[in-house]
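Here is the structure we will look at, set down as structure tokens.
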Amino acid sequence: MADGTLLIRIRAAVPALRPTERRIAELVVGDPASAANLSIAELAARCETSTTSVVRFYKRMGYAHFKDFTIDLTREVTREELATSNLPEVSGDIDRHDSLEGIVSKVATNETLSIADTARALDMDALGRAVALVLAARRIDTFGVGASALVGLDLQQKLSRIGRTAINWHDSHSAWTSAATLNDTCVAVAVSHTGATVDTVEFLAIARKSGAATIAITNFHDSPLAATSDVTLTTAARETQFRSGALGSRIAQLMVVDCLFTGVAQASYDESMAALRNTYTVVHDRIVHKRG
């Protein structure tokens, strides 16, 4: 069992869990420190389910014994405490009674852990394959819906700055028609936290059918989007009840985009550095300098 990855696996598995197992998962990720000190019977009682459901849950997470499950959970709690040791101590989700200081602390903790977990979970082989695909591509098309659209735009802008032909599509129909014109010299990159956004899945499916290589950036490796991709780059975001703000997912997706972009830039170092210098000069020369 890979050390320190239990909570990441639980969050990724939630959409596919049975209702009883999902209640267990939500309790564990919501308060892992308390959950680590419960017996099987106590955990079952807290989740209003049976001990059989608890056994089924921890076995689904890859553990033969409950003790091994709780040991790894304790390790995860310790790791999170170390990762956030320099931040103010906070607990729980954002609620209506939080002060602005409390909101700042909770958002900082959420996003810090989303980045740390994503760095821990990101598949280096998959990242390397994605870098190679983008490097070899004649054109890179990016697409996402809502907050994920901003992440696709960020990737497009970064790639354009190092001389790559990259296009970001804001509209679903435009994205689909463009995807239908791609071929085996192109790459399509789709971004979706859930991996189940219909328009985004359709974009990648059309691109793949047209012969393009496909890359998915998503939080769930078993999602429909991942099934349509040649390479899946998985985030490990922590979402709060303020889901519409995409607090954890967006920052984790942007981190993955930064890693992909930096990998491409490094692999074409001289060309990319020259392009970055040129684009910096163009923008810098147009800054209005304050007169003395």
Side-chain angles (χ1 to χ4, degrees), residues 11 94 103-104 106-119 121-122 127 130-131 133-134 137 139-162 164-179 182 186-207 214-220 223-226 228-229 231-265 276 279 283:
R11 291 188 185 95
I94 298 170
I103 290 170
V104 169
K106 288 183 177 181
V107 169
T109 298
N110 177 278
E111 297 196 353
T112 296
L113 291 172
S114 287
I115 291 172
D117 285 350
T118 297
L122 190 58
L127 180 61
V131 167
L133 288 174
V134 173
R139 171 177 141 188
I140 305 100
D141 283 28
T142 68
F143 179 71
V145 173
S148 294
L150 302 177
V151 178
L153 178 61
D154 185 67
L155 177 59
Q156 180 265 323
Q157 291 179 333
K158 282 181 165 66
L159 292 174
S160 294
R161 286 203 63 184
I162 58 173
R164 301 283 160 180
T165 301
I167 305 170
N168 180 70
W169 298 100
H170 302 278
D171 172 75
S172 298
H173 288 185
S174 297
W176 297 345
T177 54
S178 175
L182 300 179
C186 306
V187 170
V189 183
V191 186
S192 169
H193 172 71
T194 63
T197 305
V198 174
D199 288 1
T200 308
V201 174
E202 185 70 10
F203 164 73
L204 213 60
I206 294 170
T214 54
I215 299 172
I217 299 176
T218 180
N219 209 67
F220 301 102
S223 63
L225 188 68
T228 314
S229 69
V231 178
T232 301
L233 302 178
T234 308
T235 58
R238 293 161 179 252
E239 283 300 356
T240 70
Q241 63 183 335
F242 287 79
R243 176 63 189 92
S244 60
L247 300 182
S249 62
R250 187 190 64 250
I251 199 71
Q253 290 166 353
L254 287 170
M255 179 208 162
V256 171
V257 161
D258 284 349
C259 292
L260 176 59
F261 162 75
T262 304
V264 172
L276 285 172
T279 53
V283 174

Walk me through it: do I167 and S178 pass the test side-chain contact (heavy atoms from CB on, under 4.5 Å)? CA-CA 10 Å; I167 305 170; S178 175; 5.7 Å; no
Inter- and intrachain pairs under side chain to side chain donor-acceptor pair (under 3.5 Å), touching residues 149-158, at least two apart: D154-K158, Q156-S160, K158-D258
Counterpart residues, side chain to side chain donor-acceptor pair (under 3.5 Å), relative to T200 (two or more places apart): none
Tell me every residue that passes side-chain contact (heavy atoms from CB on, under 4.5 Å) with A119, counting only those two or more places apart in sequence or in another chain. M255
Going by ring pair (Phe, Tyr, Trp, His ring centres under 6.0 Å), name the residues that satisfy it together with W176, two or more places apart in sequence or in a different chain. H173
Contacts of T262 that satisfy side-chain contact (heavy atoms from CB on, under 4.5 Å) - sequence neighbours left out: none
All heavy atoms of A207 vs all of A188, minimum pair found to be CB-CB, 3.5 Å
Suppose we screen for side chain to side chain donor-acceptor pair (under 3.5 Å). Which residues come up paired with S229, at least two apart in sequence or across chains? T232
For a quick test of reading the model, state the closest non-hydrogen atom pair linking A149 to G144 and the distance between them. CB-O, 3.2 Å
Please evaluate residues T214 and V187 with respect to the criterion side-chain contact (heavy atoms from CB on, under 4.5 Å), reporting the C-alpha separation (whole Å), side-chain torsions for both, the decisive distance (0.1 Å), and the verdict. CA-CA 6 Å; T214 54; V187 170; over 6 Å; no
Considering all heavy atoms, the nearest G195-V201 contact: O-CG2, 3.7 Å
Under 3.5 Å, is there a donor-acceptor pair between the side chain of S192 and the main chain of T218? no
Give me the atom names and distance for the closest heavy-atom approach of L159 to V134. CD2-CG1, 4.1 Å
Kindly compute the distance separating OG1 (T234) from CG (D117), expressed to the nearest 0.5 Å. 13.0 Å
Return the set of residues passing side chain to side chain donor-acceptor pair (under 3.5 Å) with S148 (not counting sequence neighbours), or none when no residue passes. none
Residues forming a salt bridge (charged side-chain N to carboxylate O under 4.0 Å, His left out) with D141, sequence neighbours excluded: R139
Which distance, rounded to the nearest 0.5 Å, do you find between the CG of L233 and the OG1 of T118? 11.0 Å
Smallest separation among heavy atoms of F143 and S172, with atom names: CZ-OG, 3.7 Å
side-chain contact (heavy atoms from CB on, under 4.5 Å) partners for A121, two or more places apart: I8, A236
With sequence neighbours excluded, residues passing side-chain contact (heavy atoms from CB on, under 4.5 Å) with N219: H193, T235, A237
Within the 4.5 Å heavy-atom criterion, are V131 and L260 side-chain neighbours or not? yes
Tell me, with the steps shown, if L153 and T142 meet side-chain contact (heavy atoms from CB on, under 4.5 Å). CA-CA 7 Å; L153 178 61; T142 68; over 6 Å; no
T197/L225 under side-chain contact (heavy atoms from CB on, under 4.5 Å): CA gap, chis, key distance, verdict: CA-CA 8 Å; T197 305; L225 188 68; over 6 Å; no
As an exercise, state the distance from CG of L113 to CD1 of I251, rounded to the nearest 0.5 Å. 12.5 Å
Quick one: list whatever passes salt bridge (charged side-chain N to carboxylate O under 4.0 Å, His left out) with D199, sequence neighbours left out. none
Residue list, side chain to side chain donor-acceptor pair (under 3.5 Å) with S174, at least two apart or on another chain: D171
Which heavy atom of C259 sits nearest to which heavy atom of L127, and what is that distance? CB-CD2, 4.2 Å
CG of N110 to CD1 of I115, rounded to nearest 0.5 Å, is 10.0 Å
